[in-house]
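All remarks here apply to the structure that follows.
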2 protein chains.
Amino acid sequence: MADGKNDKLVLERFLPYRLSYLTNIISRKLARLYSEQFDITPHEWKVLANLSRHPNISAAKTGEKTAMDKVAVSRAIKGLCDKGLVHKVFSSEDRRRSVLNLTKKGRDIYHQIEPLVTAYEDRLLSILDKDELVQLDHLLTKLTDQAKS
Amino acid sequence: MADGKNDKLVLERFLPYRLSYLTNIISRKLARLYSEQFDITPHEWKVLANLSRHPNISAAKTGEKTAMDKVAVSRAIKGLCDKGLVHKVFSSEDRRRSVLNLTKKGRDIYHQIEPLVTAYEDRLLSILDKDELVQLDHLLTKLTDQAKS
DNA sequence: TTATTATAGTTACATATGAAACTTATTTCA
DNA sequence: TGAAATAAGTTTCATATGTAACTATAATAA
């Protein structure tokens, strides 16, 4: 190959790095919205939010819904239970399976954090017009499908 | 708010989570292209690729170019030096500053991995048409700017 | 039955990561 | 000059994460 430049990766244009750069910034800022103030980790917040929408589910189902692996879910639930935000019992029909629910305190904290988090998303998306929002949704769907295959 | 559903986060539609889900899949698959075969970590690969394009630079400059923090850069360089892929000296003008370069072995390995990695990106992007590629670039740029602000 | 396999969840271990402290070298400026 | 401040890199420490092993329960099937 005569021109070496053509076979060199340009990191600034490489999709995986552009994506992970963007994702890292967003994840960090998002976590800041609740981590210090409420002493909640990102995994814990994800599980908390999911339990608000889907009460009475098991740890395994929580993992499916949140795309987290079971160890991360287990740890998040332990943290949330220790802080008194989640109540865990084991199902009487199948004593392996947990049944999870927010406590009053968990719901309270969820309702304090949720507006901060959705406001952050709104602010991010506020620079896009309607067409761009549609394009973004479409591109993320397509790329995710392709990445999974 | 009368209807509780409206104030609940829907994780599957939440941009930060969609982005991090996509990014995680891609990062894992990307790393698999070189981690086992060549015993190189993602950070090491990033530094290696950057040094191929920008020889003779310092660790600090490497950090700027790759958006990695200096600890990660330091560790990646140590790993690459230990494996004989990178050569490090300290500048004679400023003896704090390192001067980094790929070794012959480093260049060889770079040239083996680079086509695997760009082929992976090509495959990801192959489902998008020209318009969509332009949209993707545009959206990533806009969102990254907004996320940084 | 009861032996085998599968599932839910936890724990242990090894590695990765980030923040802060540290070391050495350079620059600034009183 | 020579403190004080700054910069480059490294190390330390505490925490996060993922894989694999483990425990307990349930389902399957011989």
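Values below: all heavy atoms of this structure, side chains included; hydrogens, waters and symmetry mates excluded. Chain letters run A, B, ... following the sequence lines, proteins first, then strands; residues in each count from 1.
In terms of the side chain to side chain donor-acceptor pair (under 3.5 Å) criterion, D131(B) has no residue partners (sequence neighbours excluded).
Listed for the K88(B) side chain is no donor-acceptor partner under 3.5 Å among the backbone atoms of I77(B). With hydrogens and angles ignored, the 3.5 Å screen pairs a side-chain donor or acceptor of K83(A) with a backbone N or O of D39(A). Within the 3.5 Å criterion, the main-chain N or O of L136(B) finds no donor-acceptor partner in the side chain of Q135(A).
Map T41(A) and K61(B) each onto its nearest nucleotide of DNA chain D; the residue landing nearer the 5' end is K61(B).
Between W45(A) and Y110(A), the ring center distance clears the sub-6.0 Å criterion.
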Worked check of side chain to side chain donor-acceptor pair (under 3.5 Å) between R18(B) and T141(A): CA-CA 9 Å; R18(B) 291 182 74 185; T141(A) 302; 3.0 Å; yes

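Annotation: side chain to side chain donor-acceptor pair (under 3.5 Å) contacts involving residues 64-77 of chain A, sequence neighbours excluded, comprise K61(A)-E64(A).
Atoms CZ (R32(A)) and P (dG18(C)) sit 13 Å apart, rounded to a whole Å. Distance NE2 (H43(B)) to P (dT15(C)): 16 Å, rounded to an integer number of Å.
To the nearest 0.5 Å, atom OG of residue S52(B) and atom CD of residue E114(B) are 8.0 Å apart.
Boundaries of the chain A contact region on DNA chain D are dT17(D) to dA26(D), first to last in 5' to 3' order (nucleotide atom under 4.0 Å from a heavy atom).
A heavy-atom distance below 4.0 Å to DNA chain D is reached by these residues of residues 66-89 of chain B, ordered by number: K70(B), V71(B), S74(B), R75(B), K88(B).
Between A49(B) and L9(A) the shortest heavy-atom distance is CB-CD2, 4.1 Å.
Using a 4.5 Å cut-off between side-chain heavy atoms of Ile, Leu, Val, Met, Phe, Trp and Tyr, V89(A) falls into a hydrophobic cluster with V99(A).
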Distances under 3.5 Å only, N/O to N/O: pair up the protein atoms with those of nucleotides 25-27 of chain C.
| from | atom 1 | to | atom 2 | distance (Å) |
| --- | --- | --- | --- | --- |
| dA25(C) | OP1 | R95(B) | NH2 | 3.2 |
| dT26(C) | OP1 | R95(B) | N | 3.0 |

